[in-house]
Number of protein chains: 2
Amino acid sequence: MNIGIASEKSGLPSKTIRYYEDIGLLSPARTGNGYRDYSMADVHRLRFLQRSRSLGFSVDECRELLSLYHDKDRESADVKAIAEAKLVEIDRKIAELVGLRDLLHHLVEYCQGDERPDCPIIDELSGEGMVL
Amino acid sequence: MNIGIASEKSGLPSKTIRYYEDIGLLSPARTGNGYRDYSMADVHRLRFLQRSRSLGFSVDECRELLSLYHDKDRESADVKAIAEAKLVEIDRKIAELVGLRDLLHHLVEYCQGDERPDCPIIDELSGEGMVL
DNA sequence: GGTAAGGCTTCCGGTTGATGGAAGGTCAAC
DNA sequence: GTTGACCTTCCATCAACCGGAAGCCTTACC
């Protein structure tokens, strides 16, 4: 199957699929004319990558998950550890963003948003604010 | 004042300060020996940048905020609009991450995390899961 | 047989926001 | 006079791709 079809089936752009091949995440067969030829197993692998990436795993983590996926003797604890680390990281990111939002929200509320030049947001950024 | 001092005073690494100059965010004077020579106004500008970036504004948004900062006739509404757009974006990012966390959390809870190979996380990623 | 469209190939460059390092000039102290 | 800290420029690298150019391959249509 050509890359266009693999792209449709996996939900990944062709560009991304070639990129994943470049960095060694898969190596499809080639037909006589030099076209890449994807098997169903390749597509499966691509979908795995698409799902993992959309769950926030980095490409390197995906690489690790893929090797665990193919390791029939894997221990589920190994997979769980990766997922839990990711969870902690996501929680940290959320907390950081919430803090950011609260601060920004506070500033926006205090800003009149009219035609006058007084602006607590600018004051804050310039170091003359009362919040930070 | 040399870049090292400006770095200390602004809280930005020297590398970053030079980078900001490269992309046209400031242009300090030079002394006879070719060293950059920062004024207090430069340092003020750098702190403004440091604060804006840490509030999640992109470099281009910082550029815009800086020009509003120096525009004595600015309307606070202009600044507020930028901040509000950023707020919406941050909220969207938070919602996305929360969704991600919930899903991942769900998977981690269902995973035994023992020495056996059965793993709902891998099942999910491989498309054999029950959640997605 | 010609040709036009669309899909495929490789390769190169750009994105964002810096960061690391090499090679070399400068300055202050001992 | 030489060490060490600081400064300069330039070039490369990171993640995870995306866009586009130049050039094959295949298929359809006349």
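Protein chains get the first letters and strands the later ones, always in sequence-line order, with residue 1 at the start of each. Every value quoted in this text rests on a predicted model; they were computed, and no experiment measured them. Values reported hereafter were calculated over all heavy atoms of this structure, with side chains retained and with hydrogens, waters and symmetry mates removed.
Under a 4.0 Å N-O distance rule, the pair B:R101/A:D91 qualifies as a salt bridge. Salt-bridge check for A:E75 with A:K80: failed, with every basic side-chain N at 4.0 Å or more from each acidic carboxylate O. At a threshold of 4.0 Å, the pair B:K86-B:E89 counts as salt-bridged, since one of the basic side-chain nitrogens sits closer than that to a carboxylate oxygen. Contact check on A:R45 versus A:D42 returns no salt bridge, with no Lys/Arg side-chain nitrogen under 4.0 Å from an Asp/Glu carboxylate oxygen.
Regarding A:E8, its CD atom lies at a distance of 15 Å from the C1' atom of C:dC8, rounded to whole Å. Atoms CG (B:D22) and P (D:dC11) sit 12 Å apart, rounded to a whole Å. Distance, A:I17 CD1 to D:dC18 C1': 14 Å, rounded to whole Å. Summarising the geometry, the separation between CE on A:M1 and C1' on C:dG7 is reported as 16 Å, rounded to the nearest angstrom. We find that CD1 of B:I23 is positioned 16 Å from P of C:dG14, with the value rounded to whole Å. Following rounding to the nearest Å, A:F57 (CZ) and D:dA16 (P) show an atom-to-atom distance of 13 Å. Atom CZ in A:R30 sits about 17 Å away from atom P in D:dC24, given to the nearest Å.
Residues from residues 60-68 of chain A lying near DNA chain C, meaning a heavy-atom separation below 4.0 Å, are absent. Applying a 4.0 Å cut-off to non-hydrogen atoms, none of the residues of residues 84-91 of chain A approaches DNA chain D.
OP1 or OP2 of D:dT26 sits under 4.0 Å from a side-chain N or O of A:N33. Here A:Y19 does not reach the OP1 or OP2 of D:dA15: none of its side-chain N or O atoms lies under 4.0 Å away.
No donor-acceptor contact under 3.5 Å links the side chain of B:K15 to the base of C:dG17.
When every heavy atom of A:S10 is checked against every heavy atom of A:I17, the shortest pair comes out as OG-CD1, 3.9 Å. For B:L49 against B:C62, the heavy-atom pair with the smallest separation is CD2-CB, 3.8 Å. Heavy atoms only, all atoms of each residue included: B:L12 and B:S7 are closest at O-OG, 2.7 Å. Residues B:R63 and B:I23 come closest through the heavy atom pair NH1-O, 2.9 Å.
Checking side-chain atoms of A:D37 against main-chain N and O of A:T31 turns up no donor-acceptor pair under 3.5 Å.
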Under 3.5 Å, which protein N or O atoms sit close to an N or O of nucleotides 1-7 of chain D? Give each pair with its distance.
from: D:dC7; atom 1: OP1; to: B:G4; atom 2: N; distance (Å): 2.8

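Residue whose closest nucleotide on DNA chain D sits further toward the 5' end, between A:T16 and B:Y38: B:Y38.
The side-chain heavy atoms of A:M1 and A:R36, taken from C-beta on, include no pair separated by under 4.5 Å. Side-chain contact check for A:H106 versus A:Y110: some heavy-atom pair is nearer than 4.5 Å.
Aromatic pair A:F48/A:H44: centroids not less than 6.0 angstrom apart.
Which of C:dC27, C:dA18, C:dG17 sits closest to the side chain of B:S58 comes down to C:dG17.
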